Amino acid sequence: MSDLLNARLPRGFVDRTPADLKAAHRMLETIRHVYELYGFEPVETPLIEYTDALGKFLPDQDRPNEGVFSFQDDDEQWLSLRYDLTAPLARYFAENNERLPKPYRSYRAGWVFRNEKPGPGRFRQFMQFDADTVGAPSVAADAEICMMAADTMEALGIQRGDYVIRVNNRKVLDGVMEAIGLAGDAHAGTRLTVLRAIDKLDKIGVEGVRDLLGKGRLDPSGDFTKGAGLGDAEAALVLGFVDAGKTTLGETLAALRGLIEASPKGLEGVDELALIGALVDAAGYGDRVKIDPSVVRGLEYYTGPVFEAELTFEVLDTDTGQPVRFGSVGGGGRYDGLVGRFLKEPVPATGFSIGVSRLMAALTRLGKLGAGEVAGPVVVLVMDKTPEALADYQGMVAELRRAGIPAEMYLGASGMKAQMKYADRRNAPAAVIVGSNERAAGKVQIKDLALGKALSAGITDNAQWRAERPAQQEVDRADLVAAIRAIVDATAEGGLP
RNA sequence: GCAGCUGUAGCUCAGUUGGUUAGAGCGUCGGAUUGUGGCUCCGAAGGUCCCCCGUUCGAGCCGGGGCAGCUGUACCA
């Protein structure tokens, strides 16, 4: 006994049920529709790439799987499971540079893998749905991506006001770094710490960020996080910047200009934000796409505008009753250097990625994804096991299938009661019951299981219920398909969300 | 990685100052009902009490060390 294998799922991975698959399929089709409306074309790349194509370093020999799942090929070259869809796109574009139209507008959906600690809404395998414009230097491309992101949220059923597309610019962040004396390679580490601190604003608040900018912060669990070690004046400047998001676009831009007027690069970034803001406003998206200086995005490869799609509502956790914030469900930005790693000339690019798995988790909790039952097949019960009877049952399912109605003959070993339970559990719309009496008479019994279930609520006596055979009709064998179709059609009408 | 909490049946959990045979609810299977889903009743199966070491006449319970899970936090190219 004790040498039995333990059936268990690796942590951070999930099995997907029929209902999950149905909901995910609907989501993906919705997103695909929006992306195609914007003129993006699909492409698919493999789940595995050479490790050096994904990032700039090979796995550490001691810990080759830190962050990314990696392994060595026969020829000892390092391969990795992709951890996003952007780096593979850059590889694909560079490899097919000659024959692709430019600007190249592409979308793709697929699984990505991260070897990290999983958490609620965070998995080690999850699905992303990306759209990118490669070869377009204008921030008009960035503005378009942001507006498409907003359209996608609404197509998925998220109300206007329940989400926001927040936009910032890495150049502005760089300008702030200059302003507090953190320019240059010597301060790269500190810059990173400052950016991470800013990124946590919505989680730990202004005071938390202030602590992280200074000496450090003791979080509620008792863990201490070392800070960036900035002086009070520098910290105040950074906080002022983070807080520069005002009610109107003009005010926000003016506040930003005031803070980084000494930095040409920062001002360039503000100008880009101003143009994005103007384009967005002109298109009528000003209430959904907002300039927000606290957006950072972790990835190093961003070079200009960065964006984040955030859900702004709270959901109460069904178990604990605690409010759950889902926060970011998508993000992206401009990565002008990524494709250039493969080509001699620089290639500007910008894109957006939706975290489908996390978004789905959020929508499910919000009740926006009808986790509705998946309709099962009509089940033909097997009452007799003589060759003639089996051939007859097989003939019935074949007729139903030819008519386009999913059907199956019960193939288990159990008796009739268990077969009825099986049909119930499969969510079958109907069961077909034929014993020797029916067969001799050229009849079939057809039971409407959904109707029967409704009727069963009012029944108190089991013997009576069985005797009455509710929701059951006897029809001629020749009318089997027609009778089943009537039930299936009625069930489908009533069952759809 | 760091911190806190938790490990007992398939699931959710109870288990007295350390005491002899470790329980409940739900679920599963069977019967009451040769051929009818639900309810009810009856019955059955199902356990390395996370692992190892120690204390003790005796450990699910106490001590030490591991491991795993959850939550927070850090990292997330």
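Each chain gets a letter, A, B and so on, in the order its sequence line appears, and its residues count up from 1. Bear in mind the structure is a predicted one, so any value in this text is a computation, not a measurement.
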**Request:** Could you label the plane-to-plane angle of the Tyr104(A) and Tyr92(A) rings as parallel, tilted or perpendicular, counting under 30° as parallel and over 60° as perpendicular?
**Result:**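 The rings of Tyr104(A) and Tyr92(A) sit tilted, inter-plane angle from 30° to 60°.
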**Item:** Parallel, tilted or perpendicular: ring planes of Tyr301(A) versus Tyr335(A), cut at 30 and 60 degrees
**Value:**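 Rings of Tyr301(A) and Tyr335(A): perpendicular, over 60°.
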In whole Å, measure the gap between the [atom1] atoms of [N] and [M] for me.
N      : M      : atom1 : result
U20(B) : A59(B) : P     : 12 Å
G23(B) : G47(B) : P     : 14 Å
A45(B) : A68(B) : C1'   : 28 Å
G63(B) : G72(B) : P     : 28 Å
U12(B) : G64(B) : C1'   : 31 Å
G46(B) : C26(B) : C1'   : 14 Å
C13(B) : G30(B) : P     : 29 Å
C52(B) : G37(B) : C1'   : 50 Å

**Message:** Run the side chain to side chain contact (heavy atoms under 4.5 Å, CB included) test on Gln128(A) and Trp111(A) for me, step by step, so that the C-alpha distance in whole Å, both residues' side-chain angles and the decisive distance to 0.1 Å come before the verdict.
**Reply:** CA-CA 6 Å; Gln128(A) 292 192 327; Trp111(A) 295 110; over 6 Å; no
What integer distance in Å separates [X]:[atom1] from [N]:[atom2]?
X         : N      : atom1 : atom2 : result
Ile204(A) : G72(B) : CD1   : C1'   : 13 Å
Leu54(A)  : C76(B) : CG    : P     : 17 Å
Leu338(A) : A77(B) : CG    : P     : 12 Å
Tyr422(A) : U28(B) : OH    : P     : 16 Å
Phe69(A)  : C76(B) : CZ    : C1'   : 13 Å
Arg196(A) : U73(B) : CZ    : P     : 16 Å
Leu192(A) : C75(B) : CG    : P     : 8 Å
Asp211(A) : U73(B) : CG    : C1'   : 15 Å

**Prompt:** Does the ring center of Tyr410(A) lie less than 6.0 Å from the ring center of Tyr422(A)?
**Reply:**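 Yes.
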**Prompt:** Does Phe13(A) have its ring centroid less than 6.0 Å away from the ring centroid of Phe123(A)?
**Reply:**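 Aromatic pair excluded; centres sit 6.0 Å or further apart.
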Does the structure show a Watson-Crick or G-U wobble partner for [N], both distances under 3.5 Å? Name it, or say none.
N      : result
A68(B) : U6(B)
U40(B) : A32(B)
G63(B) : C53(B)
C11(B) : G25(B)
C76(B) : none
G47(B) : none

Anything under 3.5 Å between a donor and an acceptor, one on a side chain of residues 206-214 of chain A, the other on a protein residue two or more places apart or in another chain? List them.
from	atom 1	to	atom 2	distance (Å)
Glu207(A)	OE1	Arg210(A)	NE	3.4

**Request:** Assign a letter to each nucleotide of nucleotides 29-38 of chain B from its 5' end: B, base within under 4.0 Å of a protein heavy atom; S, sugar-phosphate only; -, no contact.
**Result:** ----B-BBBB
**Asp84(A) side chain to Thr86(A) backbone, donor-acceptor under 3.5 Å** =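 Yes, the answer is positive, given that a donor and an acceptor are paired below the 3.5 Å cut-off.
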Short side-chain N/O contact from [X] to OP1 or OP2 of [N], under 4.0 Å:
X         : N      : result
Arg11(A)  : A68(B) : no
Lys226(A) : G1(B)  : no
Arg122(A) : C76(B) : no

**Request:** May I ask you to establish whether Arg439(A) and Tyr393(A) are in a cation-pi arrangement, using a distance under 6.0 Å from NZ or CZ to the six-membered ring centre and at most 45° from the ring axis?
**Result:**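 Yes, Arg439(A) and Tyr393(A) form such a contact.
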**Message:** Counting only heavy atoms from other residues, nucleotides and ligands, does the tally under 6.0 Å from CD of Glu44(A) exceed 12?
**Reply:**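 For Glu44(A), atom CD is not crowded (no more than 12 foreign heavy atoms under 6.0 Å).
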